[in-house]
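To start, the structure itself, in structure tokens.
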Amino acid sequence: MRYEGAIYRPPSEANSLILQITIGCSHNRCTFCVSFLEKKFRERELAEIEEDIEEAARLLWGVDRVFLADGNAMVMHTEKLLSVLQKLYSTFPALERVGIYATPQDLLNKSGEELSALKKAGLGIVYLGVETGNEELLAWVRKGATRDEIITAGRRARAAGLVLSITVINGLGGMEKMSAHALDTATLLNRIDPEYLGLLTLMVCPGTPLARKVAKGEFAVPGPLEILAEIEMMLRPLEMSNCVFRCNHASNYLPLKGTLPRDKEKLLKILESVRLSGDMRQLRPEFLRAL
Ligand code: SF4
């Protein structure tokens with residue numbers, strides 16, 4: 001197996017075989033993100049990917065989950081992606097699910113028929129970084145898609161039968177746009193109604209345009225208790241049909257998890273009680289937070 005540079009995968013893919021079918025992120029412009037700054041985007045050749053799959057089959061036994069990296073492997077042309085899926089399922093008899101990172105634009109660039117074909121070929125779950133539902137913030141962080149485009153992209157994936165896991169970044173609006181970020185993100189999520197929702201908390205990474213804004217005093221990073229208030233604001237108007245909610249990433253101050261709508265009131269009570277207590281001992285200390 002050949003890997004290039006640092007590899008990122010969703011926490012839920014911790015036990016998956018990671019197959020790097022693209023290198024880097026084809027967008028690579030989000031102002032808060034450092035993940036792929038050092039990689040020049042490219043797709044790997046199909047022959048090379050197939051060699052890696054065969055090598056993994058010689059080394060590993062019982063592979064049941066595969067995650068396709070890097071940053072937005074979904075950008076790959078559909079025919080090539082179908083060939084990768086076919087090779088994976090014919091090589092690993094126990095394979096149950098294949099996951100992938102996508103940008104909204106990657107989903108928009110594929111037709112409903114293409115997404116259905118990928119689903120039929122065994123693509124199981126798509127991880128979509130939405131970050132915020134606020135139009136102004138989406139432009140400010142250079143996400144590369146508008147609010148309406150993100151809604152269309154998410155709904156198109158769901159209509160094709162793909163399981164959709166969305167991530168949002170708390171704190172992305174700073175102190176100034178906190179409520180707009182929380183409320184617009186909730187209404188965007190309501191329109192898509194994903195099966196999974198993961199909250200991350202903003203970490204300002206050195207070298208990013210965002211870090212420069214913070215240094216100049218142009219962006220006030222919310223503190224831990226403000227982040228809890230923002231999560232409450234986002235959670236309250238959420239109307240999910242059946243969504244696994246996770247806020248237990250290493251960047252989060254208060255680990256939370258549940259299923260929406262069932263656990264909504266319970267989660268809100270926990271958030272409110274920790275926030276009102278002001279007891280910082282219940283929160284992950286800054287030095288233990290990580291991406
Ligand atoms: S699309 Fe994702 S991986 Fe690419 S720059 Fe933006 S946040 Fe980073």
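Whatever order the structure lists them in is the order used to number ligands and atoms, beginning at 1.
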Inset, instruction - Pick one of side chain, backbone, both or neither for how Arg29 approaches ligand 1, counting any non-hydrogen atom pair under 4.0 Å. - result: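 Backbone only; the side chain of Arg29 stays clear of ligand 1.
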Suppose we measure from [atom] to each protein heavy atom; which comes out shortest, and what is that distance?
atom                    : answer
atom 8 (Fe) of ligand 1 : Cys33 SG, 2.4 Å
atom 4 (Fe) of ligand 1 : Cys25 SG, 2.3 Å
atom 6 (Fe) of ligand 1 : Cys30 SG, 2.3 Å
atom 2 (Fe) of ligand 1 : Lys143 NZ, 4.0 Å

Legend entry - Charged N-O contact under 4.0 Å between Glu4 and Arg44: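 No, this pair does not count.
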Inset, instruction - Verify the ring-centre separation between Phe67 and Tyr101: is it less than 6.0 angstrom? - result: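 Yes, ring centres under 6.0 Å apart.
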Inset, instruction - Report, in ascending order of atom number, the atoms of ligand 1 lying under 4.0 Å from any heavy atom of Asn28. - result: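 Listed by number with element: 4 (Fe), 5 (S).
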Legend entry - Subset of ligand 1 atoms that lie under 4.0 Å from at least one heavy atom of Phe36: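 Near Phe36, meaning under 4.0 Å from one of its heavy atoms, ligand 1 has 3 (S).
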Pair [X]-[Y], side-chain donor/acceptor within less than 3.5 Å:
X      : Y      : answer
Tyr253 : Arg289 : yes
Gln20  : Asp70  : yes
Ser12  : Tyr196 : no

Inset, instruction - Describe, in one word, how the ring planes of Trp140 and Phe219 are oriented to each other, choosing from parallel (under 30°), tilted (30 to 60°) and perpendicular (over 60°). - result: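 Aromatic pair Trp140/Phe219 classed parallel.
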